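Quick note: numbers below take in every heavy atom, side chains included, and nothing from hydrogens, waters or symmetry partners. If you read the sequence from its start, that first residue is 1, and numbering goes on from there. Computed from a prediction, not measured in an experiment: that's the story for all the values here.
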Amino acid sequence: MANLHQQQSFAVFGLGKFGMALTMALLQADQDVLVVDSNEEVVNNVAHLVTHAVIADATDEEELRDLDIGSFDHVFVTMGENVEGSIITTMLAKKIGAPDVTTRANNHNHRLVLEKIGADHVIEPEQDMARQLIFHQLHPNVVNYFNLSKNVSLVEVSVENPSFFNKSLGDLDFRKNYDVNIIGITHNGKLNQVPLATDIINPHDRITLIGSNEAVQKINEILQEDK
């Protein structure tokens with residue numbers, strides 16, 4: 001997956017909790033997002049936020065071709081509970097030419113089928129929960145983390161390094177210095193979803209950031225330092 005500092009195109013199929021959380025993370029990272037769901041009410045609720053919102057049957061090849069799915073940099077198929085639908089959508093997206101398809105699996109057998117039909121990445125809840133548990137044990141200051149793809153992660157991490165205390169985002173310039181984007185700051189339990197360059201990081205604030213796995217790991221280690 002390419003560097004998210006450059007705007008890319010994402011298509012998200014399915015606007016359940018998982019799909020909606022993914023969509024909001026991509027929007028906060030200033031990405032071009034198409035959302036697709038068969039539920040008109042759900043689509044209408046998010047239409048004003050995204051680049052394109054479409055009411056469509058994701059298992060209909062003609063409708064997917066009309067959406068030009070093959071031209072999107074990344075496709076996420078997030079309706080894990082609809083096993084048949086996710087399999088068909090994944091298969092059609094690859095058939096049409098989508099270069100990078102990530103699909104949520106409901107269980108291990110579902111994963112095996114998705115891998116068989118060509119999904120580039122498969123997210124399996126049970127395995128992801130186990131990885132997250134281990135990750136938290138190894139990195140206790142990380143509050144939450146989520147793999148957007150094989151190479152890109154979104155994490156929420158507590159700032160423990162005094163070198164970052166009482167400095168503005170503009171002064172710290174995370175994008176230039178650490179190759180990550182800051183998309184949120186939580187201070188005293190209140191989340192600032194649109195942080196500005198003038199916003200200050202206070203001791204032990206939690207910051208939400210997005211970047212390559214390597215960049216995220218590096219900044220995480222730096223933020224843990226208690227100098």
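- For S158 (side chain) and R206 (main-chain N/O), no donor-acceptor pair under 3.5 Å exists by modelled atom type.
- For G211 against V180, the heavy-atom pair with the smallest separation is CA-CG1, 4.3 Å.
- V83 and S86 make their closest contact through O-OG, 2.9 Å (heavy atoms, listed as atom of the first residue, atom of the second, distance).
- Residue L223 is not grouped with residue I200 when hydrophobic side chains (ILVMFWY) are merged at heavy-atom distances under 4.5 angstrom, including chains of intermediate members.
- Looking only at side-chain heavy atoms (C-beta outward), I69 and L34 come within less than 4.5 Å of each other.
- Pairs passing the salt bridge (charged side-chain N to carboxylate O under 4.0 Å, His left out) check and including a residue from residues 89-99, sequence neighbours excluded, read E61-K95, K94-D120.
- For the pair F164 and I207, the minimum side-chain heavy-atom distance is 4.5 Å or more.
- With sequence neighbours left out, T208 forms a side chain to side chain contact (heavy atoms under 4.5 Å, CB included) with L154, E156, I183.
- F72 CZ to I96 CD1: the interatomic distance, rounded to the nearest 0.5 Å, is 11.5 Å.
- Shown here are the side chain to side chain donor-acceptor pair (under 3.5 Å) partners of S212, two or more places apart in sequence or in another chain: there are none.
- Residues forming a side chain to side chain donor-acceptor pair (under 3.5 Å) with D66 (at least two apart in sequence, or on another chain): none.
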**Message:** Walk me through whether V46 and M20 qualify under side-chain contact (heavy atoms from CB on, under 4.5 Å).
**Reply:** CA-CA 9 Å; V46 74; M20 186 63 72; 4.1 Å; yes

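- Applying the side chain to side chain contact (heavy atoms under 4.5 Å, CB included) rule to D73 yields the partners Q8, S9; only residues at least two apart in sequence or on another chain are considered.
- Looking at every heavy atom in both residues, N82 comes nearest to G85 through OD1-N, 2.9 Å.
- Note: Y178 OH to L209 CG = 12.0 Å, rounded to the nearest 0.5 Å.
- I123 has its side chain within reach of F18: a pair of non-hydrogen atoms, C-beta onward, lies under 4.5 Å apart.
- Within the structure, every pair that satisfies the ring-ring contact (aromatic ring centres under 6.0 Å, His included) test and touches residues 182-224, not counting sequence neighbours, is listed here: F165-H204.
- Contact between G184 and P195 at its shortest, heavy atoms only, is N-CG, 3.9 Å.
- Applying the side-chain hydrogen bond (donor to acceptor under 3.5 Å, both in side chains) definition to pairs two or more places apart or across chains, those involving residues 37-54 are D32-T51.
- Among residues two or more places apart in sequence or in another chain, the side chain to side chain donor-acceptor pair (under 3.5 Å) test is passed with D173 by none.
- Taken to the nearest 0.5 Å, the CD atom of Q224 stands 10.0 Å off from the CG atom of N161.
- I201 contributes atom CD1, which lies 5.0 Å from atom CG of L172 (distance to the nearest 0.5 angstrom).
- Put simply, CD1 on I182 and CD1 on I219 are 7.0 Å apart, with the number rounded to the nearest 0.5 Å.
- Here the shortest heavy-atom pairing between I87 and I117 reads O-CD1, 3.3 Å.
- A 4.5 Å side-chain heavy-atom check between P203 and N166 finds at least one atom pair inside the cut-off.
- Atoms NZ and CG, from K190 and D205 in turn, are 13.0 Å apart once rounded to the nearest 0.5 Å.
- With a 4.5 Å cut-off on side-chain heavy atoms, V155 and N220 do not count as touching.
- Applying the side chain to side chain contact (heavy atoms under 4.5 Å, CB included) test to A119 and every residue at least two apart in sequence or in another chain returns T90, T103, L114, V122.
- Sequence neighbours left out, not one pair with a member in residues 22-41 passes ring-ring contact (aromatic ring centres under 6.0 Å, His included).
- For the pair E63 and A56, the tightest heavy-atom approach, listed with the atom from each and the gap, is OE1-CB, 3.1 Å.
- Following chains of ILVMFWY side-chain contacts shorter than 4.5 Å, one can reach L27 starting from V42, so the two form part of one hydrophobic cluster.
- Residues satisfying the side chain to side chain contact (heavy atoms under 4.5 Å, CB included) test with N109, not counting sequence neighbours, are N107, L112.
- Counting heavy atoms from C-beta on, the side chains of L196 and L169 never come closer than 4.5 Å.
- Salt bridge E214/K218: absent, no basic N to carboxylate O contact under 4.0 Å.
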